[in-house]
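As the structure lists them, so they are numbered: ligands from 1, and atoms in each ligand from 1.
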Amino acid sequence: MKVLLIGSGGREHALAWKIAASPLLSWLYCAPGNPGMAKIAENIDLNAADHAAVVAFCRKNYIDLVMIGPEAPLVNGLADTLRNARIRVVGPGASAAQLEGSKGFTKDLCARFAIPTAVYGRFNNIAEAKAYIHAQGAPIVVKADGLAAGKGVVVAMTVKEALVAVDACFDGMFGPAGSEVVVEEFLQGEEASFFCLCDGTTAIPFGTAQDHKRVGEGDSGLNTGGMGAYSPAFVMTPDMVERTMREVIEPTMKAMAEIGTPFNGILFAGLIITADGPKLVEYNVRFGDPECQVLMMRLQDDLLPLLIAAADGKLAGYEPAWSDDVSLTVVLVAKGYPEAPEKGSVIEGIEEAAALPNVLVLHAGTALQDGKLIANGGRVLNVIARDKTIKETQRKAYAAIGKIRWPDGFWRSDIGWRAATRES
Ligand code: AMP
Ligand code: GLY
């Protein structure tokens, strides 16, 4: 079976690692991939935005399955184009991808189909947004509509902060994503990322994780794409998973089918587990990065048959097996991240780190220059470990990082701290 994987981050390296382990696989292409993926697959120069080129590549190379990693090609309708060309693909079409592409779309869907989420208002002018904030008071949350790479959200502890955030949104601080703003109730509770694999009708639970979005120790500083994660998320007990499926995921699947945009692909629910139960904070229509890394580290079954079943609408009855171990990933980023990551510094010692048992080093923003591995992005490397407890897994991951020589990189030294506190 020949597979084309779209993307180049840690998420895609994790998927490539798992797909490459499948006995069903005959060849794996990655577009564009990264230097780590090049060791287990063939990286190709194919622009995912050029849909005709992707279709032509798939036809010429007899691709059996396309897996799309990031959100941008999904929002741009690559999955629609492939489906129309009768090429097997995992991922939602552009209309269904609005679950991630437009916060307003998702909030309206929640309201219409009674899916539990924060109470909200949706505004396209400053005065009304500000009046709503004055009426509701703080804490309150201000979100730019549309894709802002996870950076368009301000959790405002005071009314003043919220008003500043509204101005920033309409000033274009988040690009065109800020032409509309969602203002919503602040939810109190623990956060969890919940994943489902979906085939248009059936959704099956596909793991839980907890991300660390802030750049600094103890969850301080600017929001990032994610500085580390672990799986499972301990708040997601079997009961809570069952409740989330019943109250959040299944109504969403029904709603999407009812409005004519059945959801196929990875549905990633950002949840806050409140005293009243799970509430939806946001949907993403793809795996999280770095969350995907910790999920793949714990998935015991072959990923490929699951992806094929999802693409073919035949997921009912699948119950993937997961390791009882904990997995944890630490993201190594370039100095200056998230605002202005410095490129070009040399990284050494990856092989020694990856040689440790139950440790995996996944690439993201790396490049090869004159035979040396260099930093070429914000999030550069990911070090993943698996063990019985959070503390042992932390020790293992940080011991592996200790083997990597990269003076121009930094990382959080406390990934998993909340869960570790709970263990002691
Ligand atoms: P989002 O991009 O919507 O996931 O939001 C980014 C982060 O902001 C979330 O991971 C939460 O930590 C926080 N957040 C978003 N919405 C809320 C809310 N209604 N109440 C409390 N925190 C929130
Ligand atoms: N780590 C968060 C995300 O991928 O959206």
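Side-chain N or O atoms of Asn264 include none that pairs as donor or acceptor with a backbone N or O of Pro92 at under 3.5 Å. Without hydrogens or angle criteria, Gln394 side chain to Ile415 main chain gives a donor-acceptor distance under 3.5 Å. Proximity of a side-chain donor or acceptor of Asn76 to a complementary backbone N or O of Leu78 within less than 3.5 Å is not detected.
Polar contact check, Val281 against ligand 1: no nitrogen or oxygen pair lies under 3.5 Å apart.
There is no side-chain donor-acceptor pair under 3.5 Å between Glu100 and Tyr283. In summary, the side chains of Glu217 and Ser413 do present a donor paired with an acceptor at a separation below 3.5 Å, with no hydrogens or angles considered. For the residue pair Asp302 and Ser22, a side-chain donor N or O sits within less than 3.5 Å of a side-chain acceptor on the partner.
Residue-environment remark: NZ (Lys130) exceeds the threshold of 12 foreign heavy atoms within 6.0 Å. Around the CD atom of Gln300, the shell of radius 6.0 Å holds more than 12 heavy atoms that belong to other residues, nucleotides or ligands.
The residue among Thr106, Leu187, Val142, Val155 with a heavy atom at the shortest distance from atom 23 (C) of ligand 1 is Val155. Between atom 11 (C) of ligand 1 and the options Glu191, Glu100, Gln188, the minimum heavy-atom separation is to Glu191.
Near Glu185, meaning under 4.0 Å from any of its heavy atoms, are these atoms of ligand 1: 18 (C), 19 (N), 20 (N). If you number the atoms of ligand 1 from 1 as listed, the ones under 4.0 Å from a heavy atom of Lys143 come out as 3 (O), 15 (C), 16 (N). Under a 4.0 Å criterion applied to the non-hydrogen atoms of Phe186, ligand 1 contributes the atoms 20 (N), 21 (C). Atom numbering of ligand 1 starts at 1 in the shown order; those under 4.0 Å from a heavy atom of Glu184 are 16 (N), 17 (C), 18 (C), 19 (N).
Near ligand 2, residues Asp211, Gly225, Phe268, Asn284, Arg286, Gly288, Asp289, Pro290, Glu291 come within 4.0 angstrom through at least one heavy atom.
Counting heavy atoms from C-beta on, the side chains of Asn223 and Arg214 come closer than 4.5 Å.
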Under the criterion side chain to side chain donor-acceptor pair (under 3.5 Å), I'd like the reasoning laid out for Gln210 against Tyr230: C-alpha separation, chi angles, the key distance, then a yes or no. CA-CA 6 Å; Gln210 211 146 23; Tyr230 61 85; 2.4 Å; yes
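Ile272 counts as a contact of ligand 1, since one of its heavy atoms falls under 4.0 Å from the ligand.
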